[in-house]
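Throughout, numbering of the chain's residues begins at 1 and tracks the sequence. Worth knowing before you read on, the calculation uses all heavy atoms, side chains too, and leaves out hydrogens, waters and symmetry mates.
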Amino acid sequence: MLDEYVLVPDIFDPAAYSNPAFIEMCLPHLKEPLLQEALVRDLRDGGWSRFCLEHSGNLHRLCKEILRKLQSNNRLRRFPPQHAAIPTLPHGWCQESLSTHGIEPFTGIIAAHATKQQFPQRGEVASIEKLTGTTWWQHRSPSVTVDRKTNSYLKVLNLALKQANSLMFIDPNLDPNSRNYREFHRLLVPLASRAIKPHIEIHRSFCRGDGSARTFPTQADWKASFASLGNNLKSLNLTMEVFLWDDFHERYLITDIIGVSVPAGFDITGKPDDWSTWGRLGREDKDKIQRLFDPATRPESLKNRRFMIGASV
C-alpha cells in the first residue's frame, strides 16, 4: 500500500531520454503516484534532494515542483550515505541506490533511459520510459491482505511507522486490557528510535461491549484500562492522547502520509491464517475521516472524554 522508490536525477533531464520529447509524457504521469502511494528515498541524508535542487535550473520544470511537494507532504525519507564520494553523475546515484537496497530493501529505482542501459541485468532499476511494463510497478496495489498477527501488522506498517509525523489509531474496541489487544504496544516500538517523535492518538468508543451487555465505564475506569499502555509508552519515551467518542463502528489508521481502512481493527487472534484486507484511502476520504475525528469538528460526540498517557504525563 505504501511503496518506496529511488529516483535517479536524470529522470528530470530531457537529454537522458531516448527522445527528449518523451519527458513530457513520462514525468507528469509519475507525479501523482509519488504523492499518493509512495515515499522517495532521499539518499545521503538529504543529499539527493539538495543535488536535484542545485541543478534544477538545467532540468525539467517539474523537478522543483515534485521536490517541493514531496517535502511538504513528508514523502522524502532520508537514508544515510553508503559511499565516501558524493555522486555527480546518474550512474553514481544509481550505485548509491543499489547499495542502500542491500541495507534496507525498497520497491524500485526509477531512472532515465540512458542510465537503465548501464544496468541491464538489475531488475530493481527501471527506465521511466518503460515503467508501466516493469513488474514491481505493475504490482502496486491499494490493498493488502494481512494475517491478524502483530508481526504482520508491523511488516505492512513499516514505512508509515518510520516516517509519519502523526498517527491516529481509530478502533472502537481498542482496549489494552483486552486479551486480543495485549500486543498493541508493539506497534509503537518502531517509533521509539525516531529523533523527532510523532504525534500519536487513539480514538475508541466511550462504551464497552454490545447490546444488552454494553457498559459505560467512567473516565477513571478508562484511565485504569490504559495504564499498562501508558507504562509501555513511558519506557519508549512516547506520549499519546486517548479520545473516547460516542459509539462508532469503522476502523482506520490515519497518518499524514497514508490513510488505511482496517476492517477488523488492531486486535490479534491465535487462529492461523486469519486474514483481513486493508485498503489505502484516497486523499478525500482520508481527509474526511481525519476531520470526523477532530475534536473541534464534533465536540458534542466527544464531550471532553480525552486524556494523555505516556512519557510526559
Can a donor-acceptor pair be found, under 3.5 Å and without considering hydrogens, that links the side chain of [X] to the backbone of [Y]?
{"X": "Asp267", "Y": "Asn180", "result": "no"}
{"X": "Arg204", "Y": "Leu174", "result": "yes"}
{"X": "Lys286", "Y": "Thr255", "result": "yes"}

[X] vs [Y] side-chain heavy atoms within contact, under 4.5 Å:
{"X": "Leu154", "Y": "Leu161", "result": "yes"}
{"X": "Ile258", "Y": "Gln36", "result": "no"}
{"X": "Lys288", "Y": "Arg291", "result": "yes"}
{"X": "Thr145", "Y": "Ser143", "result": "no"}
{"X": "Lys197", "Y": "Leu191", "result": "no"}
{"X": "Phe12", "Y": "Lys64", "result": "no"}
{"X": "Asp274", "Y": "Lys149", "result": "yes"}
{"X": "Pro263", "Y": "Arg251", "result": "no"}

Any chance you could measure [X], atom [atom1], to [Y], atom [atom2], to the nearest 0.5 Å?
{"X": "Ile309", "Y": "Leu233", "atom1": "CD1", "atom2": "CG", "result": "5.0 Å"}
{"X": "Leu188", "Y": "Leu167", "atom1": "CG", "atom2": "CG", "result": "8.5 Å"}
{"X": "Leu39", "Y": "Asn73", "atom1": "CG", "atom2": "CG", "result": "11.0 Å"}
{"X": "Asn231", "Y": "Leu236", "atom1": "CG", "atom2": "CG", "result": "11.0 Å"}
{"X": "Ile110", "Y": "Thr134", "atom1": "CD1", "atom2": "OG1", "result": "8.5 Å"}
{"X": "Phe184", "Y": "Ser178", "atom1": "CZ", "atom2": "OG", "result": "12.5 Å"}

Margin query: Between Ile202 and Phe226, does the side chain to side chain contact (heavy atoms under 4.5 Å, CB included) criterion hold? Intermediate values first, please.
Written below: CA-CA 11 Å; Ile202 280 179; Phe226 277 84; 3.9 Å; yes
Can a side-chain donor-acceptor contact be found between [Y] and [X] if the only test is distance below 3.5 angstrom?
{"X": "Arg186", "Y": "Asn232", "result": "no"}
{"X": "Glu241", "Y": "His199", "result": "no"}
{"X": "Ser49", "Y": "Gln71", "result": "no"}
{"X": "Thr218", "Y": "Asp221", "result": "yes"}

Is it the case that atom [atom1] in [X] sees more than 12 heavy atoms from other parts of the structure closer than 6.0 Å?
{"X": "Gln138", "atom1": "CD", "answer": "yes"}
{"X": "Asp210", "atom1": "CG", "answer": "no"}
{"X": "Glu300", "atom1": "CD", "answer": "yes"}

Next item on the list: Would you please test Arg194 and Asn165 for side chain to side chain contact (heavy atoms under 4.5 Å, CB included) and show each step?
Entry: CA-CA 10 Å; Arg194 295 178 50 176; Asn165 287 329; 3.6 Å; yes
Check: Do Glu24 and Arg61 meet the salt-bridge criterion of a basic N to acidic O distance under 4.0 Å?
Finding: yes
Check: So, are Arg306 and Glu201 salt-bridged, with charged N and O less than 4.0 Å apart?
Finding: no
On a heavy-atom basis, which atom in [X] and which in [Y] lie closest, and how many Å separate them?
{"X": "Glu104", "Y": "Asn158", "answer": "OE2-ND2, 4.3 Å"}
{"X": "Cys52", "Y": "Leu59", "answer": "O-CD1, 4.1 Å"}
{"X": "Pro299", "Y": "Ala296", "answer": "CD-O, 3.7 Å"}

Item checked: Sole residue of Asp175, Asp171, Asn173 in side-chain hydrogen bond (donor to acceptor under 3.5 Å, both in side chains) with Tyr181 -> Asp171
Flag yes if [X] and [Y] sit in one hydrophobic cluster, no otherwise; membership is Ile, Leu, Val, Met, Phe, Trp, Tyr, and two members link when side-chain heavy atoms are under 4.5 Å apart.
{"X": "Ile257", "Y": "Phe106", "value": "no"}
{"X": "Leu229", "Y": "Tyr153", "value": "yes"}
{"X": "Leu70", "Y": "Leu43", "value": "yes"}
{"X": "Ile11", "Y": "Ile23", "value": "yes"}
{"X": "Leu159", "Y": "Trp136", "value": "no"}

Next item on the list: Determine, stepwise, if the pair Lys31 / Glu65 fulfils salt bridge (charged side-chain N to carboxylate O under 4.0 Å, His left out).
Entry: CA-CA 9 Å; Lys31 183 172 69 171; Glu65 179 185 338; 2.8 Å; yes
Margin query: Classify the ring geometry of Trp137 against Tyr5: parallel below 30°, tilted from 30° to 60°, perpendicular beyond 60°.
Written below: tilted
With a 3.5 Å cut-off and sequence neighbours excluded, list the donor-acceptor pairs that the side chains of residues 83-93 form with protein atoms.
unit_1 : atom_1 : unit_2 : atom_2 : d
His83  : NE2    : Ser99  : OG     : 2.7

Next item on the list: Determine, step by step, whether Arg41 and Glu96 satisfy the salt bridge (charged side-chain N to carboxylate O under 4.0 Å, His left out) criterion, reporting the C-alpha distance in whole Å, the side-chain angles of both residues, the deciding distance to 0.1 Å, and the verdict.
Entry: CA-CA 11 Å; Arg41 185 167 292 188; Glu96 178 81 14; over 6 Å; no
Check: Can you name the one residue among Arg78, Arg140, Lys162, Arg77 that meets salt bridge (charged side-chain N to carboxylate O under 4.0 Å, His left out) with Glu4?
Finding: Arg77
Item checked: Phe243, Phe169, Phe248 screened by ring pair (Phe, Tyr, Trp, His ring centres under 6.0 Å) with Phe293, the one that passes ->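 It is Phe248, the one option of Phe243, Phe169, Phe248 that forms the ring pair (Phe, Tyr, Trp, His ring centres under 6.0 Å) with Phe293.
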If you draw the axis of the six-membered ring of [Y], does the NZ or CZ of [X] fall within 45° of it and under 6.0 Å from the ring centre?
{"X": "Arg208", "Y": "Trp222", "value": "yes"}
{"X": "Arg44", "Y": "Trp48", "value": "no"}
{"X": "Arg305", "Y": "Phe206", "value": "yes"}

Item checked: Of all pairs that satisfy ring-ring contact (aromatic ring centres under 6.0 Å, His included), the ones with a partner from residues 14-45, not counting sequence neighbours ->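 Matches after skipping sequence neighbours: none remain.
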Margin query: Could you go through Asp247 and Cys207, starting from their C-alpha distance and side-chain angles, then the distance that decides it, and tell me whether this counts as side chain to side chain contact (heavy atoms under 4.5 Å, CB included)?
Written below: CA-CA 7 Å; Asp247 205 13; Cys207 57; 4.0 Å; yes
